[in-house]
Amino acid sequence: MTEMAFASLLAAGAQGSPEHTYTYLFCDLMTDTVLAELPLSGVTYSTALNGIGTLTATIPYTDETIPLDPETATTPGRTAVYVDRDGVIVWGGIVWTRQPGGQSSKQIQAAEFLSYYQHRHVKVTLSTDTSLLTNPALVPDGQQLYADQKYIMWSLLTYANVQAGGNPKINVDTLTAPPHGVTRQATYFGFERPEIYKAISELAAADNGFDFGIDVGWTATTNNNPPTRYRRARTWYPRRGRAVDESGLVFVKGGQGSSILSYDWPEDGTAAATEVSALGAGTGEAKVSAVVQDADRLASGWPLLESVSTYEGVIDQAQITGLANAELTARGQAQMQPTFEVSADADPAFGSYSVGDEALFIIDPEPLCPAGRQGALRIVRIENTAAAGPERVRLTCVAV
């Protein structure tokens with residue numbers, strides 16, 4: 001094949017990039033009833049590992065959209081939005097803000113369904129320790145938490161869901177058997193009004209913890225019944241996603257199979273620590289606390305680098321020690337959060353990976369990286385900008 005013919009073939013392939021169809025469904029938060037299907041522009045959406053991804057978009061107010069009542073369909077704090085890409089729901093969350101976006105448009109910002117539990121709090125004491133309770137029956141009939149860490153999350157969400165107006169159709173049945181097999185001692189004092197999302201985050205972050213999130217999607221078509229949308233609370237133990245040898249994901253910059261469009265691979269020693277102090281509940285000398293050190297690194301010549309973290313409401317010594325150990329592990333090396341912009345339609349294609357997955361990233365030699373670089377990294381955030389044609393996906397990663 002001549003060079004000219006090969007160039008023509010590449011050009012034809014570029015022109016033949018897949019076209020993507022996006023649909024945006026706005027629904028009542030509490031019933032999931034569809035209120036409107038609205039066109040959006042400037043859509044960027046993200047998912048985060050054990051965090052809360054966001055969506056930003058602009059709604060045109062035109063003769064075509066005004067009859068669809070976008071004001072009701074996008075009421076902040078009352079409505080949900082789903083992003084359907086080529087027939088697959090890739091994002092779902094709650095509209096939280098809306099403001100004028102210029103002439104004949106409004107901008108909205110939404111956050112994944114976990115954000116609902118940033119607005120819910122424990123108002124009566126819940127604990128695994130029945131001596132602290134006036135009603136020792138198990139949640140939801142009483143105040144006692146199941147002791148397994150997975151069931152503590154179930155208890156917190158169930159406590160929230162059974163209250164009047166407190167269940168935004170998030171299914172927690174996925175948090176039942178089997179347990180993780182990790183017993184925790186936990187107490188959430190109602191007079192402190194702990195935030196439920198934060199309580200789950202701290203529980204999950206402890207040593208030997210877990211990953212968590214809320215999945216959204218379409219149910220399968222059965223008995224000629226049309227699919228419906230679902231919102232399912234989930235945990236992954238010991239972790240979400242696939243190891244690099246299992247995933248087979250390889251992102252490359254350089255060469256014919258290049259999928260990385262640009263990247264930033266910094267290293268930041270300011271976040272490193274060789275000693276972590278974790279502070280829990282209590283005052284003065286009675287405060288629950290733990291101090292852990294990386295003895296191996298200190299012995300090898302690293303300086304003492306201290307970090308202090310506060311976990312309000314944690315009263316159990318084992319839990320605060322576990323949180324300190326987890327923090328030390330996370331800070332055990334210079335923190336790296338490289339970011340990569342990759343082509344959504346190159347191999348690996350968008351949709352073939354998720355947060356929690358590990359992948360091999362390879363940078364071929366180039367002027368700013370003469371020797372090249374490669375490493376296995378874990379994907380902790382995925383951000384996509386919706387487009388009908390070629391899309392650029394931004395991946396945020398951490399060291400494995």
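Numbering starts at 1 and runs along the sequence shown. All values reported here derive from a predicted model rather than from experimental measurement. Hydrogens, waters and symmetry mates are skipped; everything else that's a heavy atom, side chains included, is used.
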Walk me through whether Asp296 and Asp294 qualify under side-chain contact (heavy atoms from CB on, under 4.5 Å). CA-CA 6 Å; Asp296 291 341; Asp294 190 334; 3.9 Å; yes
Residue pairs, two or more places apart or on separate chains, that pass salt bridge (charged side-chain N to carboxylate O under 4.0 Å, His left out) and touch residues 272-290: none
Lys123 side chain to Pro194 backbone, donor-acceptor under 3.5 Å: no
Evaluate side-chain hydrogen bond (donor to acceptor under 3.5 Å, both in side chains) for Asp211 paired with Tyr237, printing each intermediate quantity in order. CA-CA 7 Å; Asp211 294 329; Tyr237 176 78; over 6 Å; no
Ring pair (Phe, Tyr, Trp, His ring centres under 6.0 Å) pairs, two or more places apart, involving residues 351-398: Phe251-Tyr353, Phe251-Phe361, Phe340-Phe361
Salt bridge or not for Arg85 and Glu391, using N-O below 4.0 Å? yes
Over all heavy atoms of both residues, which pair between Phe189 and Thr125 is shortest? Give the atoms and the distance, please. CA-OG1, 3.6 Å
Test salt bridge (Lys or Arg N to Asp or Glu O under 4.0 Å) on Arg232 and Asp215 and set out the steps. CA-CA 5 Å; Arg232 298 172 181 164; Asp215 280 350; over 6 Å; no
Side-chain (Asp148) to main-chain (Pro179) donor-acceptor, under 3.5 angstrom: no
Do you know which two heavy atoms are closest between Ile315 and Ala281, and how far apart they sit? CG2-CB, 3.7 Å
Do Thr339 and Cys397 come close enough that some side-chain heavy atom pair is under 4.5 Å? no
Whether the Glu71 and Tyr61 side chains hold a donor-acceptor pair (N or O, under 3.5 Å, no angle test) is what I'd like checked. yes
Quick one: is the NZ or CZ of Arg120 closer than 6.0 Å to the six-membered ring centre of Tyr117, and within 45° of its axis? no
Can you tell me how far the CG atom of Leu114 sits from the CG atom of Asn50, to the nearest 0.5 Å? 9.0 Å
Indicate whether any N or O donor in one side chain lies under 3.5 Å from an N or O acceptor in the other, for Asp32 and Tyr230. no
Near Asn225 CG, under 6.0 Å, is it more than 12 heavy atoms from other residues, nucleotides or ligands? yes
Taking all non-hydrogen atoms of both residues, which atom of Ala206 and which atom of Ala326 are closest, and how far apart? C-CB, 4.0 Å
Find the distance between CG (Leu156) and CG (Leu203) and round it off to the nearest 0.5 Å. 7.5 Å
Donor-acceptor pair, Gln163 side chain versus Gly166 backbone, under 3.5 Å? no
Just by distance, no angles: are the side chains of His180 and Asn208 close enough, under 3.5 Å, to form a donor-acceptor pair? no
For Lys106, I'd like to know if atom NZ has over 12 heavy atoms of other residues, nucleotides or ligands within 6.0 Å. yes
Closest approach of Ser247 to Glu358 (non-hydrogen atoms, all atoms of both residues): OG-O, 2.7 Å
For Ile362, the rest of its hydrophobic cluster, which grows through side-chain links under 4.5 angstrom: Val244, Val250, Val252, Leu360
Backbone N or O of Ala349 within a donor-acceptor pair of the Ser352 side chain at under 3.5 Å? yes
Does the side chain of Thr79 pick up a donor-acceptor pair with the side chain of Thr74 at under 3.5 Å? no
Can any side-chain N or O of Arg184 pair as donor or acceptor with the backbone N or O of Ala147 at less than 3.5 Å? no
Is there a donor-acceptor pair closer than 3.5 Å between any side-chain N or O of Arg394 and the backbone N or O of Asn384? no
Can a donor-acceptor pair be found between the side chains of Asp69 and Thr72 at a distance below 3.5 Å? yes
Give a yes or no answer on whether the side chain of Thr219 reaches the backbone of Thr228 with a donor-acceptor pair at less than 3.5 Å. yes
Please name the pair of heavy atoms, one in Ser307 and one in Glu327, separated by the smallest distance, quoted to 0.1 Å. OG-OE2, 4.3 Å
Output for pair (Glu341 CD, Leu395 CG), nearest 0.5 Å, gives 9.5 Å
CZ/Arg239: more than 12 non-hydrogen atoms of other groups inside 6.0 Å: yes
Could you go through the side-chain contact (heavy atoms from CB on, under 4.5 Å) check for Glu306 and Leu304 one step at a time? CA-CA 6 Å; Glu306 299 173 325; Leu304 179 63; 3.7 Å; yes
Roughly how far, to the nearest 0.5 Å, is the CG atom of Leu298 from the CG atom of Leu305? 8.0 Å
Only one of Trp218, Tyr22, Tyr24 passes side-chain hydrogen bond (donor to acceptor under 3.5 Å, both in side chains) with Asp84, and that residue is Trp218
Do Gln185 and Thr128 have side-chain atoms, one donor and one acceptor, less than 3.5 Å apart? yes
Do any N or O atoms from the side chain of Thr274 and from the backbone of Pro303 form a donor-acceptor pair under 3.5 angstrom? yes
Evaluate Tyr151 against Val139 for side-chain contact (heavy atoms from CB on, under 4.5 Å), listing each step before the verdict. CA-CA 10 Å; Tyr151 295 162; Val139 170; over 6 Å; no
With ILVMFWY side chains joined below 4.5 Å, transitively, what does Val314's cluster contain besides itself? Val288, Tyr311, Ile320, Leu323
Classify the side-chain pair Tyr116/Arg231 by whether it contains a donor and acceptor separated by less than 3.5 Å. no
Looking at residues at least two apart in the chain, or sitting in another chain, which of them share a ring-ring contact (aromatic ring centres under 6.0 Å, His included) with Phe350? none
Could you check whether any side-chain N or O of Arg193 sits under 3.5 Å from a backbone N or O of Gly190, counting only pairs where one atom can act as donor and the other as acceptor? yes
To the closest 0.5 Å, what do you measure between CG (Asp364) and OG (Ser258)? 8.0 Å
Minimum heavy-atom separation for Thr221 and Pro227, please, with both atom names. OG1-CD, 3.5 Å
Does the pair Tyr146 and Trp154 meet the rule for a ring-ring contact (aromatic ring centres under 6.0 Å, His included), with working shown? CA-CA 9 Å; Tyr146 289 89; Trp154 177 91; 5.8 Å; yes
Residue pair Ser127 / Asp129, side-chain donor-acceptor N/O under 3.5 Å: no
Quick note, salt bridge (charged side-chain N to carboxylate O under 4.0 Å, His left out) partners involving residues 250-266, not counting sequence neighbours, are Lys253-Glu366
Apply side-chain contact (heavy atoms from CB on, under 4.5 Å) to residues Val342 and Leu261 and explain how you reach the verdict. CA-CA 5 Å; Val342 301; Leu261 304 173; 5.8 Å; no
Side-chain donor-acceptor pair under 3.5 Å between Arg381 and Thr47, yes or no? no
Do Thr134 and Gln143 pair up side chain to side chain, a donor and an acceptor below 3.5 Å, judged on atom types alone? yes
For Leu138, does its backbone N or O pair with a side-chain atom of Asp141 as donor and acceptor, under 3.5 Å? no
Distance-only polar pair, side chains of Thr31 and Asp28, donor-acceptor under 3.5 Å: yes
